[in-house]
Number of protein chains: 2
Amino acid sequence: MATIGQRNRLQFIILGLLNQQPQTGYDLAKAFENEIGEFWQAQHSQIYPMLKRLEAAGEITHEDTVTGEKLAKKQYTLTPTGREKLVAWVSQPSPELTPNKDEFILKLYFIKDVDDPRIQPMLREQYRLHQAQLAHLQQRQATVFPDTSTIDQAYGHYLILDHAIAREAHYVSWLTQYLTPED
Amino acid sequence: MATIGQRNRLQFIILGLLNQQPQTGYDLAKAFENEIGEFWQAQHSQIYPMLKRLEAAGEITHEDTVTGEKLAKKQYTLTPTGREKLVAWVSQPSPELTPNKDEFILKLYFIKDVDDPRIQPMLREQYRLHQAQLAHLQQRQATVFPDTSTIDQAYGHYLILDHAIAREAHYVSWLTQYLTPED
DNA sequence: TTAAAACATGTAATTAATTACATGTTTGCA
DNA sequence: TGCAAACATGTAATTAATTACATGTTTTAA
C-alpha cells in the first residue's frame, strides 16, 4: 500500500518548466497564466510549497540572488534526480483521458428546450468569450512564431499553442452551428 | 465579505439532474459516469454529503423507498426553492472559460524535440484512446437518437453528446496531423 | 515625484476532490 | 444454488486547489 496512487502532476510540470531553464516561483506562476495555462493551472500558493517539497526531495535546488538593492529571488534548478524523474514521467504512457469540465455545456444540457429564449444569448456570450480567446492565442502565435523557421526552436511551445488554437477554433465553430442570426 | 466567491458547481449540477427526474444518489453517481461525465465528474463520496447539505438547505427532499425485502433507497426531489436556485444558476452568465487540463499535451510540450523517438508512440497511444472514446460516444448517439425525430425529446442530452463527439473527433484529427505512417 | 503595476515570496484557512474504508441487498446468469 | 455484478449508502483520511491573509521591493508611466 505505497507508491501507487501517484497523481500530483503539478510536481512534474514544475520539473518540466525548470528543465527548460532555471527560474523563480514567480516565473513559474506566470508560466501557468500563459501557454501552459491552456492545459494546466496553478496559483503561486500552490507553487511555493511544492518547490520546497521538491527541494527537500533533492529534485531541485535553488540559488539566492538579489535584484536591485535587496529584492530577494530564488532561482530554482533541476538536479540530476529531478531530471530523471521528469524523463520517467514524460516517457510513461498517459492512459487516462484527463477529465474535462465545462459549465456552459452543462447549462445548455439542463435547459433542454430548443426554443428556450435563454439559449441564444448564452450561445452568443460563449461565442464572444471563445472568439476573444482564439484571437488572443492567434495574436500570440503570430508574435512568437513570425515564420515557420522559428517553429523548431520551440517546438513544444508551438504544439501547445497550435492545440489551444485548434481547440478554441473548433469550439467557436461548434457554437456557430447553433447560433441563429441576431437581429 | 460574504456570498461572493461562489464556486461549487456540483450542487447546481445535482439540482439540474434532480430537476429532470427524482432519483437516488446512486443514480446521480451513474449520471456522472455517462453523458454528464464528459463535462463534469463526481464520485458517490462527494454526492451523498452534498445531498445532505442540499436537503438541510431545503433545496431538495427525499422519500424513503424499499426495493425487494429491505434494500433502502432515498429518492430525492427538487423543492421550489431548489428549482429557483437552479434557474438562477442556469440563467446567469458563465463568463469564465472553465479551465482545461491535458496531461498529454504537456508531455509533448516538455519533449520539445520534433524528432524525439518518444513522440510518435505517444501520439499513437492518444490516438487509440480518443478514437475509442469517439467510437463509444458515436455508438451511444446511434442508440439514444436513432433518428432525428427523437432529438427534441432530449435536446440537452443530444447537445452534450454532440459536443463531446465533436470534441473527440477534433482531437483525433489534430493528432492525425502529427502522426507519421507506422511501418 | 508619486502612485500604480509588476515583481517577489511566503502562510493560513477553507473548500473541493479523490481514495480508501465499511457494510449490506438484489439480480442475473452459469 | 451459488457466486459475481450491480445496486445502494454512507464515512474517514488524505490530497489538491482556491481564496484570503501578509509583507515588502522595483519599475514604469503619468
Side-chain angles (χ1 to χ4, degrees), chain A residues 1-14 22-34 36-37 39-57 60 62-76 96 98-101 103, chain B residues 1-14 22-34 36-37 39-57 60 62-76 96 98-101 103:
Chain A
M1 85 290 258
T3 53
I4 305 173
Q6 195 200 40
R7 272 291 63 84
N8 186 11
R9 290 138 168 141
L10 176 60
Q11 62 181 323
F12 301 112
I13 296 167
I14 289 178
Q23 47 193 317
T24 66
Y26 187 86
D27 295 329
L28 293 172
K30 271 196 309 177
F32 281 101
E33 283 167 18
N34 302 324
I36 289 286
F39 300 103
W40 208 270
Q41 304 79 39
Q43 264 69 48
H44 77 272
S45 58
Q46 218 187 335
I47 292 167
Y48 289 116
M50 185 59 79
L51 286 170
K52 298 210 160 169
R53 264 178 68 185
L54 291 171
E55 187 162 39
I60 62 177
H62 83 269
E63 197 179 335
D64 289 305
T65 65
V66 172
T67 300
E69 281 301 292
K70 45 182 165 175
L71 183 60
K73 288 190 196 189
K74 293 183 180 176
Q75 197 83 10
Y76 285 93
E96 340 82 55
T98 320
N100 269 281
K101 299 192 170 188
E103 188 177 10
Chain B
M1 87 296 251
T3 53
I4 305 172
Q6 194 199 42
R7 272 289 64 84
N8 184 12
R9 291 140 168 138
L10 177 61
Q11 63 182 323
F12 301 113
I13 297 167
I14 289 178
Q23 48 192 317
T24 66
Y26 187 86
D27 295 330
L28 293 172
K30 271 197 306 178
F32 280 101
E33 283 167 19
N34 303 325
I36 289 285
F39 299 103
W40 209 268
Q41 304 79 38
Q43 264 68 49
H44 77 272
S45 59
Q46 218 187 337
I47 293 166
Y48 289 116
M50 184 59 78
L51 286 170
K52 297 209 161 169
R53 264 179 68 185
L54 291 171
E55 187 161 39
I60 61 176
H62 84 269
E63 199 179 333
D64 289 303
T65 63
V66 172
T67 300
E69 282 301 293
K70 45 181 163 174
L71 183 61
K73 287 191 197 189
K74 295 183 179 177
Q75 197 82 11
Y76 285 93
E96 341 82 55
T98 319
N100 268 283
K101 298 192 170 186
E103 187 176 12

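Every chain is numbered from 1 and lettered A, B, ... according to where its sequence line falls, protein lines coming before strand lines. Fair warning: this is a prediction, and the values are worked out from it, not measured in the lab.
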- Query: Given atom CD of Q23(A) and atom P of dC7(C), what is their separation to the nearest angstrom?
  - Reply: 13 Å
- Query: What is the distance from CG of N8(B) to P of dT19(D), rounded to the nearest Å?
  - Reply: 12 Å
- Message: Any residue in residues 39-47 of chain B with a heavy atom nearer than 4.0 angstrom to DNA chain D? Just list them by number, or reply none.
- Response: H44(B), S45(B)
- Task: Find the distance H62(A):NE2 to dT9(C):C1' and express it as a whole number of Å.
- Result: 11 Å
- How would you list, by chain and number, every residue that makes a side-chain hydrogen bond (donor to acceptor under 3.5 Å, both in side chains) with Q46(B), sequence neighbours excluded? none
- Does the side chain of N8(A) reach to within under 4.5 Å of the side chain of R53(A), using non-hydrogen atoms? yes
- Query: Nearest-Å distance, CD1 (I14(A)) to P (dT9(C))?
  - Reply: 13 Å
- Among dT26(D), dT26(C), dT19(C), the nucleotide that comes nearest once only the side chain of T67(B) is considered: dT26(C)
- Query: So how far is it from I14(A) CD1 to I47(A) CD1, rounded to the nearest 0.5 Å?
  - Reply: 5.5 Å
- Task: Ignoring backbone atoms, establish whether Y26(B) has a side-chain N or O less than 4.0 Å from OP1 or OP2 of dT9(D).
- Result: no
- Query: So, is K52(B) near the phosphate of dT11(D), with a side-chain N or O under 4.0 Å from OP1 or OP2?
  - Reply: yes
- Note on the structure: Whichever of P49(B) and P99(B) has the more 5' nearest nucleotide on DNA chain D, that residue is P49(B)
- Task: Rounded off to whole Å, could you give me the CZ-to-P distance for the R53(A) and dA17(D) pair?
- Result: 11 Å
- Spacing of F32(B) atom CZ and H44(B) atom NE2 [to the nearest 0.5 Å]: 13.5 Å
- d(CG, L28(B); C1', dA8(D)) in whole Å: 12 Å
- Task: Using atom NZ of K74(B) as one end and atom C1' of dC7(D) as the other, report the distance to the nearest whole Å.
- Result: 16 Å
- Query: When you check the phosphate oxygens OP1 and OP2 of dT23(D), does a side-chain N or O of K70(A) lie under 4.0 Å from one of them?
  - Reply: no
- Using a 4.0 Å heavy-atom cut-off across all strands, classify A29(A) as base, sugar-phosphate, or nothing. nothing
- Between E55(A) and Y76(A), is any pair of side-chain heavy atoms under 4.5 Å apart? yes
- Roughly, in whole Å, what's the span from CG in D27(A) to P in dA6(C)? 16 Å
- Query: Closest to the K101(A) side chain: dA8(D), dC7(C), dA17(C)?
  - Reply: dA17(C)
- Under 4.5 Å between any side-chain heavy atoms of I13(A) and F39(A), yes or no? no
- Message: Could you tell me if the side chain of K73(A) sits less than 4.5 Å from the side chain of V66(A), heavy atoms only?
- Response: no
